[in-house]
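Data block below; observations after.
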Amino acid sequence: MNGASWKRRWWWSDRHGPGQSLRLQVLILLGILTLPTLLVLLVVIPALMDRRFQQIEREQVQQYSQIAREDLETEERRVSLFTLNFSQWTSTFDFAAGRNPQFRTDAFGTSTFLGGGVDYGGITAPDGQLVAALRLAEDRVVPAERTVRALLSQLPASLPDDGVQGAVLIGGQAFLVAARSITRDDGSGRGGVMLFARALTQEALSGLMHSAGTYSAQLVALPAGGGGDLLFRPREVIGTAPLSALSGPPQLGLQLTIPRAVHLAGQSTLWQLRAVILLVTAAALLAFMAFLNLRVLRVLTRYVLDTQRIARDPAHRLESSNRTELGVLARTINDLLDHLQGREAQLRERTFRDELTGAYSRAGLAELLRDDMSVRGALLIEVPRLQELSGLYGSAFVDRLIRELASRLGQDEGHVVGRVSSNGLALITRTAGQIDPVQVITKLEEPFALREGEVTLKLVGGYSQSAYPVPFSALLRQASLALQHALDQHEHLGVFDEAMLRRSQYGHTLETQLQGAAQRQELALVYQPVSDLITGQWVAVEALLRWQHPTLGAVPPGTFIPVAERSGQIYQLGDWALQQALREVQGARALWPHAHVNVNVSPVQLLMPDYAERVLQTLEDLQVDSQVLTVEVTESTIMQNVELVCRHLRKLRQAGVKVALDDFGSGHSSLPLLTELPLDIVKLDRSFLREGAQETARGALLRNTIRLARDLQLSTVAEGVEEESMLSLLRDLGCDYAQGYYISRPEHLDDLLAMRR
């Protein structure tokens, strides 16, 4: 499969339609429909629920953190009040001032530490000197100067009036600290600093928490940037809340470890939900497939078997007792089959006959003569240029012409008439040597009456006969080869023989070898000059294509050009010839500044929708002035599609390219046609010229053609000039230019330039 015909298809289909079973396709469709639903039910909804559970856990952690902090803050306030009690005491004020030495023994006893729930105490004099630093060690009070100094160092440089309290970290140990300025009982004076601290061990911290069974708490050191994010683990959530310090940023955080009871319960619920969804979905699918298989697929399977049987037995019909829409479908199909069988019988009969002529069609001939061993001869007759006749006289005339030709052939037991193409008829004989093909064609070419007069046709025939039984199809192929040979060689009748078969095979060889001939440098152009009849100077050259094959030798253009046109290679050949001619003539203008080149256009090329655009693009790509080029077209080419061809020619003439009508005077040339076509030059056919040299009606037509062309401001070129007398005659008739062997044979451009010099 090439890229042009490739079409994207689902993997379960081929070019004839679905390649897998209907059940499998239904399963695939159900999967396509079910997967998004299951994705939502099993993934999206659980993800949303899990997100909600996490939100609940966040709120729970915030609540527990608030409770734990409130417990610590309560302890902070208690220690702060205890410190306040001592700091607003005249005895403490005097001790700090050095006047009450007995105060240390009286105030800092074991009962003080136990009653206040503190572990450390310290007092500084007004000048900042430490005068008391004690701690409770089991059941006695001992000095603790280093720890107290460290605690005092955490205080701000200037204590607020209401003191400070907070949590600090000293030597890896957490403390809850409260400090106040010492005053007298009435609040007057400033006598130093009173400090109490409680060591926040894990045991002490657990004693402060009211929800120890719900979560566990511990104090941790905070990093420099602080902290407070939640850490979700599979079975617990860890949250850290910063605690205020005595001064500066928080040093400690209260870390709570909370079991994820909600999460675990939610996960269990989600898995149960997923299991229920899967079970319900599986049950629904199984129920649907069971219903589909019982009520639909089983019936369709029976219909498949019935249709397979119908292929073997056209009288069989689908079982239509089902009362659902499937039964209606079966009855409709049965009615349609009955109708189609009736129509098929009618169409079968009609396909055997051509509607226009009543003769057998190609299919009718094949059916009629398939097993007929009496067939001995086949004559194929083709009406050339039928499209041109339609353009000249109308399609109604062409239809009448084909009917008249079929009628002239007649039909009896000895031969059969058929119409094998739009412009071709066949005469099949059952007896060897029964007909003379030349006489048959001569009879068919008798003039056809028109209102304006008569029309005479030149038909082309291909004939094959056999003295022994030959299958009809083989005989028809031989006649087709003979017809094609006659068309290629411009002959009236081709009679099949073995040499013709070899020539056909040779044609196939040419078609194969012609591919890539330009790349192998086997193609070349030769040029024939066009001479001014008055001055004798060359005004242009006509480019002629030549093919020199390394083993086949020189292949004539009349041989390989038809092959190229039939095989579609004429497009590449035409493009190559145009480009090569423009390059070579453009290069020759250095020596011949006014050189112009004529390039012949194949009918196949001229019928391309973008022919004019391609020519103009080539001129632009090669940077050649459009006035250098003249395209030569034939009248038969124009008549195949007058509107399209005229559109191409007008576009070329508007761009500066000249248009020449080649071979005028051959075939069905029409003088009024010169007034309608966008032309610059008329080239008179060589046969027209030879006959015109005599005093005949054809000669008068030649003179009138030259005169008409002059009146229409068209230049005339006479082709095939081979002697001086022809030149003299053409000058007398007023012809402008001449071309032929008398002037110069076709030569390579370099040789012509040398001759011109």
message: Could you walk me through whether Leu457 and Phe448 satisfy the side-chain contact (heavy atoms from CB on, under 4.5 Å) test, starting with their C-alpha distance in whole Å, then the side-chain angles of each, then the deciding distance to 0.1 Å, before giving a yes or no?
response: CA-CA 8 Å; Leu457 298 180; Phe448 292 85; 3.8 Å; yes
- prompt: Does some side-chain heavy atom of Thr634 sit less than 4.5 Å from a side-chain heavy atom of Val601?
  reply: no
field: Side chains of Pro562 and Gln484 in contact at under 4.5 Å (non-hydrogen atoms)
entry: no
field: Pairing residues for Leu340 by the side-chain contact (heavy atoms from CB on, under 4.5 Å) criterion, not counting sequence neighbours
entry: Leu336
message: I'd like to know if Lys683 pairs up with Glu542 as an ion pair, taking the criterion as any Lys NZ or Arg NE/NH1/NH2 lying under 4.0 Å from an Asp or Glu carboxylate oxygen.
response: yes
field: Lys/Arg-Asp/Glu bridge criterion (N-O < 4.0 Å) met for Glu404, Arg400
entry: no
- request: Answer yes or no: is there a side-chain heavy-atom contact under 4.5 Å between Leu684 and Val682?
  value: yes
message: Less than 4.5 Å apart, side chain to side chain, heavy atoms only: is that true for Val645 and Leu607?
response: yes
Pair Glu446 + Lys443, salt bridge at N-O below 4.0 Å: no
message: Do Tyr463 and Asp436 have side chains that approach each other closer than 4.5 Å (heavy atoms only, starting at C-beta)?
response: no
- request: Report yes or no: does Arg745 contribute a side-chain atom to a donor-acceptor pair with the main-chain N or O of Tyr742 at less than 3.5 Å?
  value: no
task: Report the distance from atom CD1 of Ile561 to atom CD of Gln569, rounding to the nearest 0.5 Å.
output: 10.5 Å
query: Do the non-hydrogen side-chain atoms of Ile681 and Leu714 ever get within less than 4.5 Å of each other?
result: no
query: Between Glu511 and Ser567, does a side-chain hydrogen bond (donor to acceptor under 3.5 Å, both in side chains) hold up when you go through it step by step?
result: CA-CA 7 Å; Glu511 180 178 335; Ser567 64; 4.7 Å; no
message: Strictly below 4.0 Å, N to O, side chains only: are Arg686 and Glu719 in salt-bridge contact?
response: no
field: Worked verdict on Glu613 versus Lys651 for salt bridge (charged side-chain N to carboxylate O under 4.0 Å, His left out)
entry: CA-CA 8 Å; Glu613 289 79 0; Lys651 189 164 188 176; 2.7 Å; yes
- prompt: Do the non-hydrogen side-chain atoms of Val555 and Leu510 ever get within less than 4.5 Å of each other?
  reply: yes
task: List the atom of Ala581, the atom of Leu525, and the distance in Å for their closest heavy-atom pair.
output: N-CD1, 3.4 Å
- prompt: Is it true that a side-chain atom of Asp662 and a backbone atom of Glu632 form a donor plus acceptor pair closer than 3.5 Å?
  reply: no
query: Do Glu382 and Leu425 have side chains that get closer than 4.5 Å, going by heavy atoms?
result: no
query: Picking from Lys658, Arg650, Arg653, what satisfies salt bridge (charged side-chain N to carboxylate O under 4.0 Å, His left out) with Asp680?
result: Arg653
query: Checking Arg419 against Tyr360: charged group under 6.0 Å from the ring centre and within 45 degrees of the axis?
result: no
query: Taking Thr618 for the side chain and Arg614 for the main chain, is one N or O donor matched with an acceptor at less than 3.5 Å?
result: yes
query: Looking only at side chains, do His492 and Glu445 share a donor and an acceptor under 3.5 Å apart?
result: yes
message: If you apply the rule side-chain contact (heavy atoms from CB on, under 4.5 Å), what do you find for Phe472 with Leu365, and how did you get there?
response: CA-CA 9 Å; Phe472 161 73; Leu365 288 174; 3.8 Å; yes
message: For Arg403, is there any backbone N or O sitting under 3.5 Å from a side-chain donor or acceptor partner on Ser407?
response: no
